[in-house]
**Q** 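My structure is below; once you've seen it, I'll send some questions.
Numbers restart at 1 for each chain; the letters A, B, ... are given by sequence-line order, proteins then strands. Computed from heavy atoms alone, side chains included, the values below leave out hydrogens, waters and symmetry copies. Predicted, not measured: the structure shown is a model, and the values here were computed from it.
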Number of protein chains: 2
Amino acid sequence: MDSEIKEPIQLLLVEDDVNLSYLLEENLRAKGISVSLAKTGTGGLELASKTIFDICILDIMLPEMDGFTLAKALLEQQPSLPIIFLTARVQEKDKLLGFEIGADDYISKPFSFKELYYRITAILRRVNLVAPAHSENENLSIGSLVLYPAQRMLSVNGEQRKLSQRESGLLQMLLQHNGQYVNRSEILKKVWGNDDYFTAKSMDVYITRLRKLIKDDPTLEVENLYGTGYRIRQNMANI
Amino acid sequence: MDSEIKEPIQLLLVEDDVNLSYLLEENLRAKGISVSLAKTGTGGLELASKTIFDICILDIMLPEMDGFTLAKALLEQQPSLPIIFLTARVQEKDKLLGFEIGADDYISKPFSFKELYYRITAILRRVNLVAPAHSENENLSIGSLVLYPAQRMLSVNGEQRKLSQRESGLLQMLLQHNGQYVNRSEILKKVWGNDDYFTAKSMDVYITRLRKLIKDDPTLEVENLYGTGYRIRQNMANI
DNA sequence: ACGCATTCTTTCAAATTTCGTATAAATATG
DNA sequence: CATATTTATACGAAATTTGAAAGAATGCGT
């Protein structure tokens, strides 16, 4: 049953049963999965606000915040985060609720670790298959702007410039979202790798810089949505 | 429980129990999924050689060719075809074998159709054929008013305006309730996150503001039910 | 019908949070 | 070491949210 896990998978485990969580942690680690453990719902949310996880396993009955509520909150932060509920609750109603929220799987205790592991890999297989949808280095464009992420090269109105990693990463992220707003914290986690006050300040600086970079094309603008994030779009009204 | 299926899904169902297959077929069709049915393993393989399926549901005990063998053959033809085993076999050994072959899910009978459907959509979501669970950001409208929650953009009579988080949240909540009264405390808990005297006062202010925002369309009104809450509705008598 | 308590409406002025930009310091890179 | 990149700090500006106050409407008991 050995598997094809490519990169170190970041897994969030929220489980208050110490014995179970210890067991899972050990077994998952043995499979090369890096586990972050929280014992309470709020603890799990806290962890997820700082790190991007590839998948999470949630108990339902948890101190402070139940697993359903936690799942909703997590999905708000990361809409495509895969979620597995792992719980003693076997009622059909609970199971359906779990799926309704957007879970990928719902496993009732007791279960075998092997099965859990298979279910995890089944989900990750699909996620990885789909992820390359915007293949990491696909060239992106809007208006007269073209970004070549592989070369970290930016072209605006024919003028070319090399970008730094952060500049390129930030712009790429905005472009990948096709004019939709992107959360500040999503950007921070993806481009900077972590989300705290100081990194956020740093990002502000890069937004300013990005605006300077694109101002050769007056139809382009980086728009802020107060308290949420940014988007890049073409606005013909600007000319 | 409606998830938004993007395109007509082609599903292959291989099941020799006529009653069950009929039931499934009916229910899946009702969900907008197009079902191709085979009663034997070889029959299923035959169908798959003629059509590209988005997903398949396989029984294990089948005439002519068992489900495991069929699954392997199908995967050889279409390596990324999602597979769900649906079977009376509950033995751990069988389940693990199913996953080993590369199944996405393994459901033991008896099961509810709802659960099956959720599990199907969970998989299709990862394959990008179904919109993310809870398009929390579905656009909402009433009269000439349209709210675009993702952009926090409000359009009334063609006039567009950006809304603040509270403004948008409040309006969204009222709109989601379709003209029904919503409890003050429900709104407070959902939009403000807590429900105390001062937050309530704050909400009053936002109700006032909301009324100003919508008054370009004289048919719209935010109505209060004393001691209970608010609703938004269209009232033609207002003109 | 009247008074009284509660709830609602509205306005306006703080207070708070978030954002934008400049500049300096630190760190990485060749 | 020189240069490019990134992070830190500072401060003003803008947007949002809250607080406070005063008047209006509603429900309720008498």
**Q** Any base atoms under 4.0 Å from A/Tyr226, or only sugar-phosphate, or nothing? Heavy atoms, all strands.
**A**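 Answer is base: heavy atoms of A/Tyr226 come under 4.0 Å of a base.
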**Q** Within the structure shown, what part of the strands sits under 4.0 Å from A/Tyr230 by heavy-atom distance: base, sugar-phosphate, or nothing?
**A**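 Answer is sugar-phosphate: A/Tyr230 comes under 4.0 Å of backbone atoms only.
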**Q** Both B/Gly227 and A/Val205 contact DNA chain C. Which one's nearest nucleotide lies toward the 5' end?
**A**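 Of the two residues, B/Gly227 wins.
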**Q** B/Arg184 near the nucleic acid: base, sugar-phosphate alone, or nothing, with a heavy-atom cut-off under 4.0 Å?
**A**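 It contacts sugar-phosphate atoms only.
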**Q** Could you state the atom-to-atom distance from CD1 of B/Ile207 to P of C/dC8 in whole Å?
**A**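 Atom CD1 in B/Ile207 sits about 10 Å away from atom P in C/dC8.
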**Q** Need one value for B/Ser164: base, sugar-phosphate or nothing, where a base atom within 4.0 Å counts as base even if backbone is also close, heavy atoms only.
**A**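 Result for B/Ser164 = sugar-phosphate.
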**Q** Expressed in angstrom and rounded to an integer, what is the separation of A/Phe198 atom CZ from C/dA25 atom P?
**A**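 Going from A/Phe198 (CZ) to C/dA25 (P), I get 17 Å.
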**Q** Yes or no on side chain to side chain contact (heavy atoms under 4.5 Å, CB included) for B/Tyr230 and B/Ile232, after CA distance, side-chain angles and deciding distance?
**A** CA-CA 7 Å; B/Tyr230 298 89; B/Ile232 186 169; over 6 Å; no
**Q** For DNA chain C, whose closest nucleotide is more 5', that of B/Arg209 or that of B/Lys201?
**A**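 Of the two residues, B/Lys201 wins.
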**Q** From the list C/dG20, C/dT9, D/dT7, which nucleotide is the closest neighbour of the side chain of A/Arg166?
**A**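 Of all the options, the side chain of A/Arg166 is nearest to D/dT7.
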**Q** Measure the spacing between CG of B/Asn183 and NE2 of B/His177 and express it to the nearest 0.5 Å.
**A**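 The NE2 atom of B/His177 is 8.5 Å from CG of B/Asn183, to the nearest 0.5 Å.
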**Q** Could you tell me how far apart B/Leu213 (CG) and C/dT10 (P) are, to the nearest whole angstrom?
**A**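 For the pair B/Leu213 CG and C/dT10 P, the rounded distance is 13 Å.
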**Q** Rounded to whole Å, please give me the gap between CG in B/Asp196 and C1' in D/dT17.
**A**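 After rounding, the gap between these two atoms is 14 Å.
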**Q** Rounding to a whole Å, what distance do you find between A/Glu167:CD and D/dT5:P?
**A**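 In whole Å, D/dT5 P lies 7 Å from A/Glu167 CD.
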**Q** Scan B/Asp204 against the nucleic acid and name what it touches under 4.0 Å (heavy atoms): base, sugar-phosphate only, or nothing.
**A**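 Base, at least one base atom sits under 4.0 Å.
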**Q** Can you tell me how far P of C/dT18 sits from NZ of B/Lys162, to the nearest Å?
**A**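 It works out to 16 Å between those atoms.
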**Q** Expressed as a whole number of angstroms, how long is the span from A/Leu210:CG to C/dG20:C1'?
**A**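 That distance rounds to 13 Å.
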**Q** Given B/Arg184, which of B/Asp204, B/Asp195, B/Asp196 fulfils the salt bridge (charged side-chain N to carboxylate O under 4.0 Å, His left out) condition?
**A**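 Exactly one pass, corresponding to B/Asp204.
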**Q** At less than 4.0 Å, is any side-chain N or O atom of B/Trp192 found next to OP1 or OP2 of D/dT18? Yes or no.
**A**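 Answer is yes, contact under 4.0 Å.
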**Q** Name the nucleic acid region contacted by B/Lys212, choosing base, sugar-phosphate or nothing; use a 4.0 angstrom heavy-atom cut-off, strictly under.
**A**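 Touches sugar-phosphate only.
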**Q** Would you say the side chains of A/Gln10 and A/Ser36 form a donor-acceptor pair under 3.5 Å?
**A**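 Not at all, the side chains of A/Gln10 and A/Ser36 share no donor-acceptor pair under 3.5 Å.
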**Q** What is the distance, to the nearest angstrom, from the CG atom on A/Leu225 to the C1' atom on D/dA15?
**A**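 The answer, rounded to whole Å, is 11 Å.
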**Q** So what does B/Tyr206 hit on the nucleic acid, given a heavy-atom distance under 4.0 Å: a base, only sugar-phosphate, or nothing?
**A**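 Answer is base: heavy atoms of B/Tyr206 come under 4.0 Å of a base.
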**Q** If the test is side-chain contact (heavy atoms from CB on, under 4.5 Å), which one of A/Val191, A/Leu163, A/Leu147 qualifies with A/Gln172?
**A**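 Among A/Val191, A/Leu163, A/Leu147, the one meeting side-chain contact (heavy atoms from CB on, under 4.5 Å) with A/Gln172 is A/Leu147.
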